[in-house]
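Chain letters run A, B, ... following the sequence lines, proteins first, then strands; residues in each count from 1. Note that the structure is predicted; figures quoted are calculated from it, not measured.
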Protein chains: 4
Amino acid sequence: MTAQPTPDGRRPANRGPRAAAGNREALVAAAREIFAAHGLDAPLSAIARRAGVGQGVLYRHFPDRDAVAAAVLEENVREVEQAAAARGATPDGVLGVLTWHLAQSAAFIGLLHADGASGRFAAHAYARELSERVERALRGCLPDGHRLADPDDLMLAVAMVSGAVTGPTREGREHRALAAWRLIGVTVGPVRPFGG
Amino acid sequence: MTAQPTPDGRRPANRGPRAAAGNREALVAAAREIFAAHGLDAPLSAIARRAGVGQGVLYRHFPDRDAVAAAVLEENVREVEQAAAARGATPDGVLGVLTWHLAQSAAFIGLLHADGASGRFAAHAYARELSERVERALRGCLPDGHRLADPDDLMLAVAMVSGAVTGPTREGREHRALAAWRLIGVTVGPVRPFGG
Amino acid sequence: MTAQPTPDGRRPANRGPRAAAGNREALVAAAREIFAAHGLDAPLSAIARRAGVGQGVLYRHFPDRDAVAAAVLEENVREVEQAAAARGATPDGVLGVLTWHLAQSAAFIGLLHADGASGRFAAHAYARELSERVERALRGCLPDGHRLADPDDLMLAVAMVSGAVTGPTREGREHRALAAWRLIGVTVGPVRPFGG
Amino acid sequence: MTAQPTPDGRRPANRGPRAAAGNREALVAAAREIFAAHGLDAPLSAIARRAGVGQGVLYRHFPDRDAVAAAVLEENVREVEQAAAARGATPDGVLGVLTWHLAQSAAFIGLLHADGASGRFAAHAYARELSERVERALRGCLPDGHRLADPDDLMLAVAMVSGAVTGPTREGREHRALAAWRLIGVTVGPVRPFGG
DNA sequence: TATGAATGAGAGTTCATTCAT
DNA sequence: CATGAATGAACTCTCATTCAT
């Protein structure tokens, strides 16, 4: 409780404040992988370990699990927005980017589904905000009279496609995502990350 | 819920082998409620407590968490099958029963989504089998040429509707489920349990 | 998060429910020693270890640190009450028993001092109740016109003597306690546990 | 409290060696407040933050928690000494200053109680020295034949009054302190800081 | 057979301390 | 000389699982 003498006298290098930015990025990347692989309940310690940092660093950057998840989601959403804002953006193309992210990670799916029912996510409000950003990004691209012109329908469609995205392999998830869009009657462009 | 409440401070009488079946039912019912309320990660001890039995009884009936979850799912699926097998079953009606279960519990949704990626369910094979039973039950009811005549499309549609079902309230989930079916172009009958 | 397979296949004997009562006693005794030696902030894990039980057992018997401390205090207070209720109890004798407990353990002192200022003890109300029990026990013994006939003065005196009781050795603490009573002008009988 | 608030997002200018003394003062003042508010176990980081300096500065000035606490205590003792050394000092007046400090902060009380038994303070020797300084300061003021003429009795009395000082409010603590002095038969002057 | 206490691994979280900048 | 991020040990608490009764 009181003193914490250095265990054996050795202490792994303190890489200094310079490492902060890099650490944050590494944590988000690690979180994306760990969440994708083991679900949103994966131990935070696993994320810290994968990122190659101490647990304290994770807690310095993110106060809780929600914040970690939100950071991952934020990145995904930002890519969709960028795809939508890019010159020459087409509905098909943006949906392709979105679909790539949907197929990419379980975390993305789980967070869009975050419904508070599990009592786990207080980040509900944030998830909603992100949903709206996705919706806005897409809306700007859709031609008038598009099947999903109604914003509610658009987000519902995204949720539905998310629901369809299951299975252990990337390819399988991608295939199911495309089949889902087809069932809704929506055409999707090439499935790939923005700039990928 | 079924079993004996602890009388006062005395150990409740061992009711002998006759109670086994009742205990199992009580456990499944308790699991359904607990899973719905607290998610699939709820403590098993909570289920046993709610069922009014000791933890040992839970382990006697189910080797692990997956088995408990599977038993809950099994009941849901059986109801859908019964609805489909009933005289005068219509596609609309069966879909209504299915939709009722989808909207009913987060657990059902989570289980249909069980994809093994989350590392949580070894019961993947069993979940697949159940999916197929749902599909078969529905298939038998659909008229030729129905939009979802393709079995794959049918199951995909179920998954998609599951994905749409989020939110804390029963009413909201039901509403979203119906909107999802509509987006796929499928008509659904009254949303209610079989025999309800 | 999910499964906790037995580490190596071996598991120390589960001594069964019979051990419950003994465990509780062992925990209280261990807590008394640990608290006395390391203060009220000592790790609960140390108490469990000293009692020879797993951490879970400690939490089964006591929901939190306060409950452990309260159990220790309860025992002390009970002894004082017994001393006061015994046939032929004299003020001097009861004060001797009380003094013995004061000199005995840092925990007793700390708990009587519990003032909530440290934010650590929600058990404030319980501590107050115990204080009153001590006061009642003593009051019953004091002859009319005794210097401490006023209940407030009585408890104040106890607090003051507690404050005087410092130092690493039992003997030193006892000596200081007696000096403190003397300074207040109170005569104390032999310092020993009730029945000791 | 003294040092610079971080301007906006920029690292505050290194104010050079001149700031050292000011920082020390700020740290002691911050420690007094934090200890009083959250007890002697408050995080050191909180003290540094309250002082408006980095954690490194705290470690530059104080090797460990004990040193910080000792510095706070030192200030208190110095004030008592000053009060005793002032022209026209009376026993009553000095005791009033002492009592003010006792009622002022939980930290002061805790430190006077520091008995090493809690394992928290290696600063035992230093605390003893401070005790003696308080005793010397008071002794010089007491008229011959005073009830507390014996140095041991004097320090015992201080400890006893400290023990009586509990409760969440300043007023309550002050009231109890005065009652305690009264019980010992000592008259105390106005309770206030030296020069206050 | 049912009960529920015991067990301990490990997850989450906090903080003392170091040290690159 | 000051900053504050990094580090990881230690602590609290939970819960899956076993097993004496």
Item to check | First of Asp64(C) and Gly56(D) reached from the 5' end of DNA chain F, by closest nucleotide | outcome: Gly56(D)
Item to check | First encountered from the 5' end of DNA chain F, between Tyr59(B) and Ala42(C) | outcome: Ala42(C)
Item to check | Rounded distance in Å - CZ (Phe62(A)) to P (dA5(F)) | outcome: 14 Å
According to a strict under-4.0 Å criterion, is [X] in side-chain N/O contact with OP1 or OP2 of [N]?
| X | N | value |
| --- | --- | --- |
| Asn23(B) | dA2(E) | yes |
| His61(C) | dA6(E) | yes |
| Arg60(D) | dA2(F) | yes |
| Arg65(D) | dA16(E) | yes |

Next on the checklist: Can you work out whether Pro63(D) or Pro63(A) has the more 5'-proximal nearest nucleotide on DNA chain E?
Outcome noted: Pro63(A)
Next on the checklist: Please determine whether any donor N or O and acceptor N or O are separated by less than 3.5 Å between the side chain of Gln55(A) and the base of dT13(E).
Outcome noted: yes
Item to check | Val57(C) side-chain proximity, nearest of dT14(F), dT3(E), dT7(E) | outcome: dT7(E)
Checklist entry - Taking C-beta and beyond as the side chain, do Leu27(C) and Val68(C) meet within less than 4.5 Å on heavy atoms? => result no
Checklist entry - Using Watson-Crick and G-U wobble pairs whose two distances are both under 3.5 Å, how do you write the pairing of DNA chain F as dot-bracket, with | for links to another strand? => result .||||||||||||||||||||
Checklist entry - Residues two or more places apart in sequence or in another chain: which of them pass side-chain hydrogen bond (donor to acceptor under 3.5 Å, both in side chains) with Glu33(A)? => result Arg50(A)
Item to check | Asp41(D) versus Arg65(D), closest heavy-atom pair with distance | outcome: C-NH1, 3.5 Å
Checklist outcome for this item: Within residues 44-53 of chain A, the residues having a heavy atom closer than 4.0 Å to DNA chain F are Val53(A)
